[in-house]
Participant: 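What follows is a single structure, and I will ask about it in a moment.
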Amino acid sequence: MAVELCLLLLLFCGSTISEVQPIYKPPPGTLDFGFVPAKTYDTGAYHEPGAIGILFKIVHAFLYLVQPNTFPQDLIRKLAQQQFGNTQGDYQKPENVVLTLQAIYYEIGFIVSAALGLLFILLLPLVGLCFCMCRCCDNCGGEMHQRQKKNADCQRSCFATFLFVASLIISVGVLCAYAANQHLTNQVRGAKKLVNSNFKDLKIFLNDTPAQIDYLVNQYNTTKDKALSDLNNVGPVLGTRVQEQLGKEVRPALDAALTMAGAIRETKEALENVSVSVEVLQEGTERLHANLTDVKMHLSNTLNDSACNAAQAASTCNIIRNSLAQLNINANFSGLPGVSLQLARINDVLKIDLSSLVQKGYAAFNDTPDLVVNQTRNILSDIKSVLESIGSNITTFTRALPVQKILADLMVHLTQSEAYVQDYFPLVEQYDFYRWLGCLILCCMLVLILVFYYLGLLCGTCGYDKHASPTTRGCISNTGGNFLMAGVGFSFLFSWVLMIVVVLTFVTGGNVEKLVCEPFEDKNLFKVLDTPYLLNKHWKNYLAGIIFKNPNVNLTFEKVYSDCKENKGIYTSLHLEHLFNINELLNISMYTEDVALKIEHIQINLSKIILLDEIGKENLLNFSSSGIDGIDFSAYLTEINKSVTKVDLLSFANDLEARADQLPKGALENALKGHANNIRMIHNQQVVPLEQAMSTLNQSIRLLKRTSSELMVKVKNVISAVNAAQDLINNNASQVIVQETKKYMDTIIGYFEQYTEWVKESISMEVAACKPIANVIDTAVDIFLCSYIADSVNTFWFGLGGSSMFLIPAIIFAVKLSKYYRRMDTEDVYDDSVEQW
């Protein structure tokens with residue numbers, strides 16, 4: 001039933017999975033499916049024994065000494081194959097003889113130890129019987145006569161010490177046995193909580209699985225909502241993608257046309273600046289020439305004054321007179337050609353607003369997303385219907401599966417099992433009480449013997465009088481001797497019973513530890529169970545044969561246990577893909593194929609987009625033929641590169657003023673300084689504006705020269721780029737649309753693939769995580785059988801067996817020591833003469 005549940009659960013999950021392998025897989029937006037709801041399991045399948053763990057480790061070390069051999073996998077396999085293979089056991093066959101010898105070799109430590117125990121069981125009662133009969137005949141120390149020896153005190157002390165040490169060792173063994181006995185009882189009493197915890201986890205496992213499956217199914221809505229969101233935004237998504245691809249050619253073409261429109265406006269401004277600047281320069285140079293002529297005439301008149309004939313002024317005046325020729329204009333702008341014709345043609349070109357035409361092209365191209373929305377409405381409605389049908393089909397399939405019924409049946413079985421355990425648990429506790437009481441009685445047997453030994457040592461030591469003769473020993477000393485002999489008697493009576501229990505528990509508990517617990521811990525036990533054809537001679541893999549009815553599937557106990565230990569999903573742990581492949585059961589690839597076909601049928605017509613009409617193109621051609629390339633730029637640049645005057649008027653004025661300072665004070669000096677100031681005024685009022693006008697003319701002429709350079713080629717390139725972009729939109733846009741539509745389709749399908757991969761991962765690792773199953777196995781084997789029972793039983797026989805073995809030296813020492821404590825009937829008598837001698 002559990003297997004059917006797991007299969008149906010995963011079948012249900014499989015309804016959401018498909019195998020869609022796109023040729024191109026773009027990186028779609030990452031979908032957030034959240035976390036699969038999962039509750040925390042309470043059971044901690046780990047047992048910490050506490051302080052008694054030290055004893056457990058000592059016992060394990062002792063068992064290793066007894067049985068140092070590794071786990072006999074091959075031997076166990078062969079024995080199991082004989083048992084499960086229904087072969088007749090003829091022990092005289094050579095192979096059976098070999099198996100027997102191998103088993104004996106492996107168990108040699110237990111066999112020898114058990115043989116010694118049996119020898120103890122047989123011989124000790126027999127020795128006790130003989131000892132008793134021998135003493136009844138006044139032999140074996142039965143004669144109440146003690147010979148006097150010089151080292152009697154030393155012997156008595158040694159026997160007392162050895163007996164005390166042996167009693168202490170027996171006491172330690174009794175304490176170990178009692179502690180192990182009590183530990184087992186305590187663990188059995190506390191096991192109910194652990195059992196309830198396992199049942200609780202199994203209930204969580206059953207109750208939580210449907211919620212996890214519902215969560216996986218409901219998360220389809222996340223995928224659907226994201227796909228619908230992209231479909232509702234097909235304009236911004238698909239339209240923008242198409243626009244971006246076409247824009248790689250369209251936008252540079254429109255940008256070039258818009259740049260050319262700006263160049264036309266700049267050309268007009270430059271031509272206007274040239275026309276105005278030339279006119280200003282022509283008028284200004286004429287006025288400057290007239291003013292400089294007046295200045296030269298007045299300076300000449302001043303230098304003709306009689307004061308210049310004086311010896312001190314003659315040389316200075318001559319120098320000034322010779323420099324008057326420099327006061328003249330240098331640049332001549334009157335011969336420059338006009339640009340009125342070119343300006344008139346540019347004005348005609350600007351009557352058409354080319355920028356506005358280009359902006360219309362931009363606007364038409366930017367409306368691509370709206371065109372996509374308008375032309376894909378019918379197809380998008382069909383795609384939405386397909387997405388809705390996928391969700392409805394998943395819901396229909398979900399309702400068709402009897403998951404809840406199977407879960408309810410399993411819950412009933414689990415509840416019945418829990419009730420059964422709860423009903424019989426008091427009986428287990430009752431039987432454990434009987435076991436505890438029996439083990440306690442065994443411990444009390446040893447305690448009784450120890451009481452006699454300790455009382456004998458106490459009374460004998462305290463009541464012993466070294467001055468008293470053996471026949472005159474006190475009552476306390478005699479009582480101590482009797483206690484010791486009573487301990488010896490009870491030792492003979494109880495020791496063989498104790499050893500029988502020790503041998504039985506030793507052989508059982510030791511083999512459980514070596515053949516079950518240790519191989520379970522290192523998983524060698526699973527390797528034996530996974531041996532091909534072991535449990536069934538016709539099945540290679542037993543577990544696969546049970547679950548899948550196909551023993552050739554590689555499903556092993558070890559792998560299932562390890563996966564469940566790691567809390568993986570039951571689909572992964574049991575390899576249920578061999579029973580049914582999730583990817584093939586309810587594949588939604590057919591739905592994604594429908595979606596892909598409908599998306600591929602999207603046809604978008606962008607022929608209504610006009611980037612630049614014929615008027616705009618003709619306008620560009622008129623600009624190229626405006627004649628600005630016919631302007632004589634060299635003539636302009638020649639005059640512009642000249643200075644306004646032949647000499648810098650400020651320098652000339654400063655030099656004139658400096659030479660005037662060299663003349664004697666008087667009218668001549670003042671007149672020359674007046675002329676210098678007049679020259680400065682001419683420079684500031686006429687030369688500076690002319691230089692500014694020349695700068696403006698220089699910038700405009702150079703701009704016109706750059707613009708006119710290969711103007712016809714530039715315009716034709718712009719028109720060719722616009723025509724190429726328009727041809728791409730009109731004729732080749734379908735290829736771009738198909739390409740981008742495919743990417744858009746892959747994006748939509750990518751959402752389903754994300755959902756698919758997430759479901760696969762969730763089913764493998766999270767849905768129906770089988771940690772409780774591994775916990776049940778660990779609880780039953782590792783905790784109950786090994787930690788609770790085997791360790792406690794092994795520690796019990798270890799303590800009890802050690803105490804029983806030390807009863808032998810204790811008997812010997814007690815018998816020897818009792819002679820020194822008991823009151824004798826006769827003693828050695830010496831003559832006085834002999835004593836004096």
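Just so you know, these numbers come straight off a predicted model, no measurement behind them.
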Participant: Does Phe159, at its CZ atom, have more than 12 non-hydrogen atoms belonging to other residues, nucleotides or ligands within less than 6.0 Å?
Facilitator: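 Counting neighbours around CZ of Phe159, more than 12 heavy atoms of other residues, nucleotides or ligands fall under 6.0 Å, so yes.
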Participant: Do you know which of Leu504, Val503, Leu498 makes side chain to side chain contact (heavy atoms under 4.5 Å, CB included) with Ile500?
Facilitator: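 Of the listed residues Leu504, Val503, Leu498, the side chain to side chain contact (heavy atoms under 4.5 Å, CB included) partner of Ile500 is Leu504.
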Participant: Can you confirm whether more than 12 heavy atoms, excluding those of Glu521, are under 6.0 Å from its CD atom?
Facilitator: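 12 or below, so no.
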Participant: Can you tell me if Leu101 has over 12 outside heavy atoms packed within less than 6.0 Å of its CG?
Facilitator: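 Enclosed.
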Participant: Got more than 12 heavy atoms from elsewhere within 6.0 Å of CZ, Phe162?
Facilitator: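 Open: at most 12 neighbouring heavy atoms sit under 6.0 Å from CZ of Phe162.
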Participant: Quick one: do Glu429 and Lys192 make a salt bridge, cutoff under 4.0 Å?
Facilitator: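 Not counted as a salt bridge, because no side-chain N and carboxylate O are separated by less than 4.0 Å.
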Participant: State which residue, out of Tyr178, Phe56, Trp436, Phe796, fulfils the ring-ring contact (aromatic ring centres under 6.0 Å, His included) condition with His183.
Facilitator: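 That would be Phe56.
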Participant: Could you pull out all residues at least two apart from Phe798 that satisfy ring-ring contact (aromatic ring centres under 6.0 Å, His included)?
Facilitator: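 If we apply the ring-ring contact (aromatic ring centres under 6.0 Å, His included) test to Phe798, skipping adjacent residues, the hits are Phe62.
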Participant: Give a yes or no answer on whether the side chain of Asp208 reaches the backbone of Ile204 with a donor-acceptor pair at less than 3.5 Å.
Facilitator: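 Between the backbone of Ile204 and the side chain of Asp208 there is no qualifying donor-acceptor contact (under 3.5 Å).
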Participant: Salt bridge or not for Asp201 and Lys771, using N-O below 4.0 Å?
Facilitator: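 No salt bridge links Asp201 with Lys771.
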Participant: Could you point out which residue of Phe520, Phe557, Tyr542 forms a ring-ring contact (aromatic ring centres under 6.0 Å, His included) with Phe526?
Facilitator: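 Output: one option passes, namely Phe520.
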Participant: With a 6.0 Å cut-off (strictly less than), is the heavy-atom count around CH2 of Trp539, excluding the residue itself, greater than 12?
Facilitator: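 Atom CH2 in Trp539 is packed in, count exceeds 12.
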Participant: For His60 and Asn794, run side-chain hydrogen bond (donor to acceptor under 3.5 Å, both in side chains): C-alpha distance rounded to whole Å, both residues' side-chain angles, the deciding distance at 0.1 Å, then the answer.
Facilitator: CA-CA 9 Å; His60 292 166; Asn794 289 334; 5.7 Å; no
Participant: With the side chain counted from C-beta on, respond yes when Leu817 and Leu457 share a heavy-atom pair under 4.5 Å apart, and no when they do not.
Facilitator: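 Yes, at least one pair of side-chain atoms sits under 4.5 Å.
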